[in-house]
Q: 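Once you've had a glance at the structure underneath, I'll fire off some questions.
So you know, we letter chains A, B, ... as the sequences are listed, proteins then strands, and number each from 1.
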Protein chains: 2
Amino acid sequence: MIELVTIKDVAKAANVSTSTVSKVINGYSNLSIETVQRVNKTIAELGFEPNITAKSMRTKKTNMIGIVVPDVDHPFFMELFVELQREFSLSGYGCFVFSTRSEEVHEMDVIKSMLLRQVDGILFSSVGWSEQITQTLIKISERIPLVSLNRIFPHSPIKSVNIDYFEGTLRAMNFLIEKGHRRIAYISGHLGNVAGDDRLQAYRAALGRASIPYLEELIFSGEMDIKSGYRCAREMTRLYPLPSAVVAGNDAMAIGAMKYFKEKGIRVPNDIAVIGFDNIEWCNIVDPPLTTLNPDVRIIAKRVAELMLGEADDTLVLLKPELIVRGSTDIDAINVIDW
Amino acid sequence: MIELVTIKDVAKAANVSTSTVSKVINGYSNLSIETVQRVNKTIAELGFEPNITAKSMRTKKTNMIGIVVPDVDHPFFMELFVELQREFSLSGYGCFVFSTRSEEVHEMDVIKSMLLRQVDGILFSSVGWSEQITQTLIKISERIPLVSLNRIFPHSPIKSVNIDYFEGTLRAMNFLIEKGHRRIAYISGHLGNVAGDDRLQAYRAALGRASIPYLEELIFSGEMDIKSGYRCAREMTRLYPLPSAVVAGNDAMAIGAMKYFKEKGIRVPNDIAVIGFDNIEWCNIVDPPLTTLNPDVRIIAKRVAELMLGEADDTLVLLKPELIVRGSTDIDAINVIDW
DNA sequence: CTGAAAGCGCTAACAA
DNA sequence: TTGTTAGCGCTTTCAG
């Protein structure tokens, strides 16, 4: 089961050369059936398992994909990681995850350790726009497939899979505006971070189209986590009048905000409607269930794998998230769960 | 930044032999200061990075740890993984995660892929008690360090880190009994799974000590996830009278149960008190916040790393979880969050 | 203190 | 159809 038998041992036992064994292992065609059978039998008998490290060294392929996310702890990236792992394992690849902890300073370190591990491909989810990192990534992409999540690198071999945050946020805003909301707050990710910017633009655009003035005071900014949402909500309650709705850059912040509102007796959605982004599992657990945009992690993972493994010709994928209406915006939303 | 410069290039450029470069890299002592400096300078100039694969091949060490959990999706294992990764990276190790999806049938596959990847150590969280797996693990443990989570392998080199589920459950039960609860339900993990058994025993023991009869009808069993908790709660409401408290094998099931109660207008803790196990982040988010047992993931990760890397002499670690009282058992629990 | 040489386990021309 | 040979990039005796 667990041993140290090498290709050499197999060769000797089967009375063939090591290269023949190698060919059998790798399924070459020009081999006599008889030989193949004999070698396979010996392999089974000796319990031989090819040494992947040695193989990697020769072929310069590790069959490992590096996945870089801002935050492994975050439910969205967690769910994404699980799907990616599933997806890549279908093609015989393993996955490493690395977290930049949402800080640009860590991005270079993470890149270094992946390169050190000789990954065959990288999925990179950027935090910021640092020129140095950008150049490094472009350079890397000339050697190994690099797919970027939610950031486009023009004029480079870097392909990208993007959630259409603009469209998503627009949908959320239009939904609220159609319901009559006029005073809508926005809880953004860190401004200047990749995670923050275009969602906020969509917020502005939607207001513009509805001729609602953009008010600086309605914009809050956090770190994409529950705690930040909670804090932003606290800030928000200093406003008078309170906004009638709030859109958050992701579910975690929306959930944090809902928590604060609940503590203060502010009712969701009666006093304030809330919309998140990501459709993480917890949207269904919180009370009321959270209305959100669903980017469909499964599809994302599939597209990423396709681009990475060269199974698709696209170089840029843009995924439009679907609005999922639940109790945090509609008091009588029917939230059927098939449990 | 990203290159293909080898030890050979460095050697040539620095006018030394490859073995000298190797020695410099690995910090050998018997080298003239002058040489070391020159080599280091060249290394920097050429931007040389040692090829870890080649190194692994020679040293037969990959510096990778394999982590096997029943379910990566599960918040508890997620949090554990993050901590383990942090902990092991301190010693220069990377981590793979593998999920057995809580099914014994997948355990062997997972073991195989880890072995194929030549991991230097394994953390294994068992699902069941299969004899075949047991034997395989013992065999592996004779070659590489194997640490088991929550399961003890007597008479083998397998060390283990264990959460004291018995003690924890006892604490939960005693807490409830002291508050006057007599009719206490229990939501267990799958019986026959490692995750299920001793917690249920503690439940029984606590009842026994308080001279409360054990009733089969108060025992429910699920799959350790939210959905299961929800379903068990649904079953439970068929009972008359409703139990005044329920203890769940983990937080996810407790949270699922709370969700069902909420939907049915059964108030927690007024109508029924709820206690979970794990102290995952979401305990603070749900409403009311969930009383639970805290096994301290951070400590677990630390101990695991110690045992794995041979930094501790223990062979068995037993961690007593602390009861954290929140609103799901005490209507006026003060749940201070330092947000 | 430094270098030559052998080899980790495997693959891939190239020959036979 | 099969075997010979030459490494991949690094470490590690062992000589010098």
Q: Counting side-chain heavy atoms from CB outward, which of D:dC10, C:dA4, D:dT12 is closest to B:Phe48?
A: D:dC10
Q: For B:Asn51, what residues pass the side-chain contact (heavy atoms from CB on, under 4.5 Å) criterion, not counting sequence neighbours?
A: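 Listed in chain order: A:Gln118, B:Thr53, B:Ala54.
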Q: When the ring planes of A:Phe88 and A:Tyr93 are compared, do they come out parallel, tilted or perpendicular, using 30° and 60° as the limits?
A: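 Correct class here is perpendicular.
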Q: Taking only N and O in the side chain of B:Lys23, is any of them less than 4.0 Å away from OP1 or OP2 of C:dT2?
A: no
Q: What is the distance from CD of B:Gln118 to C1' of C:dC8, rounded to the nearest Å?
A: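 So the two atoms are 11 Å apart, to the nearest Å.
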Q: Rounded to the nearest 0.5 Å, what separates atom CD in B:Glu311 from atom NZ in B:Lys302?
A: 10.0 Å
Q: Measure from CG on A:Leu31 to P on C:dA12 and round the result to the nearest Å.
A: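 Value for this atom pair: 14 Å.
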Q: Does B:Asn51 have a side-chain nitrogen or oxygen under 4.0 Å from the phosphate oxygens OP1 or OP2 of D:dC8?
A: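 B:Asn51 to D:dC8 OP1/OP2: no side-chain N or O under 4.0 Å.
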Q: Please give, in whole Å, the distance from D:dC10 C1' to B:Tyr28 OH?
A: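 The answer, rounded to whole Å, is 13 Å.
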Q: Mind checking if A:Val16 touches a base, just sugar-phosphate, or nothing, with heavy atoms under 4.0 Å?
A: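 It contacts sugar-phosphate atoms only.
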Q: OP1 or OP2 of C:dG9 less than 4.0 angstrom from a side-chain nitrogen or oxygen of A:Thr6, does that happen here?
A: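 Negative; the distance criterion is not met.
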Q: Using side chain to side chain contact (heavy atoms under 4.5 Å, CB included), reason through B:Glu107 and B:Gln132 one step at a time and then give a plain yes or no.
A: CA-CA 10 Å; B:Glu107 292 190 321; B:Gln132 193 205 0; over 6 Å; no
Q: Which is true for B:Thr35 with a 4.0 Å heavy-atom rule: it touches a base, it touches only sugar-phosphate, or it touches nothing?
A: sugar-phosphate
Q: Separation of A:Met57 atom CE from D:dC10 atom P, in whole Å?
A: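 One finds 8 Å between P of D:dC10 and CE of A:Met57, rounded.
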Q: Using the closest heavy atom to pick a nucleotide of DNA chain D for each, name whichever of A:Asn30 or A:Thr18 lands nearer the 5' end.
A: A:Asn30
Q: How close or far is atom C1' of D:dG7 from atom NZ of A:Lys60, stated in whole angstroms?
A: 10 Å
Q: For B:Lys8, I'd like to know if atom NZ has over 12 heavy atoms of other residues, nucleotides or ligands within 6.0 Å.
A: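 12 or below, so no.
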Q: Check if the side chain of A:Ser19 and the base of D:dT4 share a donor-acceptor pair of N or O atoms closer than 3.5 Å.
A: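 For A:Ser19, whose side chain was compared with the base of D:dT4, there is a donor-acceptor pair (under 3.5 Å).
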Q: Find the distance B:Arg58:CZ to C:dG9:C1' and express it as a whole number of Å.
A: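 Rounded to the whole Å, the gap is 11 Å.
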Q: Base, sugar-phosphate or nothing for B:Ser32? Non-hydrogen atoms, less than 4.0 Å.
A: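 Contact class for B:Ser32: sugar-phosphate only.
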Q: Nearest whole angstrom, please: distance from the P of D:dC10 to the CD1 of B:Ile25.
A: 7 Å
Q: Looking at the side chain of A:Ala54, which of C:dT11, D:dG3, C:dC10 is the nearest nucleotide?
A: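 Nearest nucleotide to the side chain: C:dC10.
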Q: With respect to the phosphate group of D:dT2, does any side-chain polar atom (N or O) of A:Thr20 fall under 4.0 Å of OP1 or OP2?
A: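 So the side chain of A:Thr20 is outside the cut-off, no N or O lying under 4.0 Å from OP1 or OP2 of D:dT2.
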Q: What is the separation between atom CD1 on B:Ile7 and atom C1' on D:dC10, rounded to the nearest whole Å?
A: 6 Å
